[in-house]
Amino acid sequence: MFLKSLLKHSLIKFLSVGVVNTLLCIAVIFGLKFFFNTQDVLANIIGYVIGLSCSFVLNKRWTFKHSADTLSTAPKFLLVFAIAYLFNIAIVLGLIKLGLNAYFAHLAGMPIYTVLFYIGSRYYVFTPSRNQL
């Protein structure tokens, strides 16, 4: 009963989608680096693009139950993503430059990305109706 009521909150749903996207992103980034020796920025971009597609669909349909058309929502979603991503990649590259292992640097960049992306998604992209607050 508690879990069912908890899953009605957009933050919990967003975090659940985020877990799926994070695992997907990490698998892609690490797989590209390990199997193909892909450069960090390219691996990061590819990982996030794949996760972004999954995120848009799941957050629009499940997390926020947003009914506006995709054409009006997608540009806002991409803008919020771009802002969050730029913060993420700045952290990743900064930590690598400071000598942190690249794998840990990618993990360290994810929390700020997640926080910024939720706030932007919740209050700008998928503007909730009063009953969703």
Side-chain angles (χ1 to χ4, degrees):
M1 193 70 156
F2 173 73
L3 183 61
K4 186 176 181 179
S5 67
L6 192 61
L7 282 175
K8 290 182 181 179
H9 193 280
S10 68
L11 177 60
I12 301 303
K13 288 181 176 183
F14 187 86
L15 292 173
S16 299
V17 169
V19 167
V20 170
N21 290 332
T22 299
L23 293 174
L24 180 60
C25 283
I26 290 170
V28 170
I29 291 167
F30 287 12
L32 287 170
K33 286 181 60 54
F34 184 80
F35 292 110
F36 302 103
N37 199 28
T38 305
Q39 187 264 346
D40 287 297
V41 172
L42 181 59
N44 193 279
I45 289 169
I46 293 169
Y48 275 86
V49 166
I50 291 170
L52 183 65
S53 301
C54 178
S55 176
F56 181 77
V57 171
L58 292 176
N59 282 314
K60 184 174 182 346
R61 292 184 182 171
W62 183 60
T63 304
F64 300 106
K65 295 182 177 149
H66 198 255
S67 58
D69 66 289
T70 299
L71 289 177
S72 67
T73 308
K76 291 179 182 180
F77 187 79
L78 291 173
L79 175 63
V80 170
F81 164 75
I83 292 167
Y85 179 79
L86 288 174
F87 274 89
N88 166 271
I89 199 65
I91 290 168
V92 169
L93 294 176
L95 290 173
I96 290 170
K97 188 172 183 171
L98 290 172
L100 186 66
N101 175 282
Y103 293 97
F104 289 118
H106 285 285
L107 291 173
M110 289 180 175
I112 189 69
Y113 167 85
T114 301
V115 169
L116 291 174
F117 205 14
Y118 175 74
I119 291 169
S121 293
R122 175 82 160 80
Y123 296 103
Y124 176 65
V125 179
F126 304 112
T127 309
S129 64
R130 289 242 182 249
N131 64 354
Q132 288 178 305
L133 297 174

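Nothing fancy with the numbering, it's 1 onward along the sequence.
Annotation: side chain of Trp62 is in contact with side chain of Ser16 (closest heavy-atom distance under 4.5 Å).
Ile91 CD1 to Leu86 CG: the interatomic distance, rounded to the nearest 0.5 Å, is 11.0 Å. Separation of atoms CZ (Phe36) and CG (Leu42) is listed at 12.0 Å; rounding is to 0.5 Å. With rounding to the nearest 0.5 angstrom, the OG atom of Ser121 is 10.5 Å from the NE2 atom of His66. Rounding to the nearest 0.5 Å places NE2 of His106 at 10.0 Å from CG of Leu100. Atom-to-atom distance recorded for Phe30:CZ and Thr38:OG1 is 13.0 Å, nearest 0.5 angstrom. Taking CG of Asn88 as the start and CD1 of Ile83 as the end, the distance is 13.5 Å to the nearest 0.5 Å.
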**Message:** Determine whether Phe64 and Val125 satisfy the following criterion, side-chain contact (heavy atoms from CB on, under 4.5 Å), listing intermediate values before the conclusion.
**Reply:** CA-CA 10 Å; Phe64 300 106; Val125 179; over 6 Å; no

**Message:** As a quick check of understanding, evaluate side-chain contact (heavy atoms from CB on, under 4.5 Å) for Ile29 and Tyr48, giving each step before the final call.
**Reply:** CA-CA 8 Å; Ile29 291 167; Tyr48 275 86; 4.1 Å; yes

**Item:** Stepwise ring pair (Phe, Tyr, Trp, His ring centres under 6.0 Å) check, Tyr113 with Phe117
**Value:** CA-CA 6 Å; Tyr113 167 85; Phe117 205 14; 5.4 Å; yes

**Message:** Please determine whether side-chain contact (heavy atoms from CB on, under 4.5 Å) holds for the pair Leu52 and Leu78, giving the CA-CA distance in whole Å, both sets of side-chain angles, and the decisive distance to 0.1 Å.
**Reply:** CA-CA 9 Å; Leu52 183 65; Leu78 291 173; 3.7 Å; yes

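At distances below 3.5 Å, not a single donor-acceptor pair connects side-chain atoms of Lys76 with backbone N or O atoms of Gly120. Distance alone, capped at 3.5 Å, is enough to place a donor-acceptor pair between the Thr22 side chain and the Gly18 backbone. A donor-acceptor contact shorter than 3.5 Å is absent between the side chain of Asn44 and the backbone of Asp40.
Below 30°, between 30° and 60°, or above 60°: for Phe56 and Phe126 the angle between ring planes is between 30° and 60°, a tilted geometry.
Counting all heavy atoms, side chain and backbone alike, Asn59 lies closest to Phe14 at OD1-CD1, 3.5 Å. Contact record, Ile96 with Ala105: CG1-CB, 3.6 Å, taken as the closest heavy-atom pair. The minimum heavy-atom distance between Asp69 and Lys60, with the atom names listed, is C-CE, 4.3 Å. Residue Ala84 comes nearest to Leu116 through the heavy atom pair CB-CB, 4.0 Å, listed as atom of the first residue, atom of the second, then distance. Among all heavy-atom pairs drawn from Gly51 and Cys25, the shortest one is CA-SG, 4.0 Å. The shortest non-hydrogen separation linking Cys54 to Asn21 is SG-OD1, 3.3 Å.
Taking hydrophobic clusters as Ile, Leu, Val, Met, Phe, Trp and Tyr residues chained together by side-chain heavy-atom distances below 4.5 Å, Leu15 shares a cluster with Ile26. Connection of Val28 to Val20 is not established within any shared hydrophobic cluster, with ILVMFWY side chains joined at heavy-atom distances below 4.5 Å, either directly or through further cluster members. Phe35 and Ile46 fall within the same hydrophobic cluster, defined by Ile, Leu, Val, Met, Phe, Trp and Tyr side-chain heavy atoms under 4.5 Å apart, directly or through other members.
Counted within 6.0 Å of CZ on Phe87, heavy atoms from surrounding residues, nucleotides or ligands total 12 or fewer; the atom is thus considered open. Phe104 CZ: 12 or fewer foreign heavy atoms inside a 6.0 Å radius.
Annotation: ring pair (Phe, Tyr, Trp, His ring centres under 6.0 Å) contacts of Tyr124 (sequence neighbours excluded): none.
Membership of the apolar cluster around Val19 extends to Leu23, as traced through chained side-chain contacts below 4.5 Å between ILVMFWY residues.
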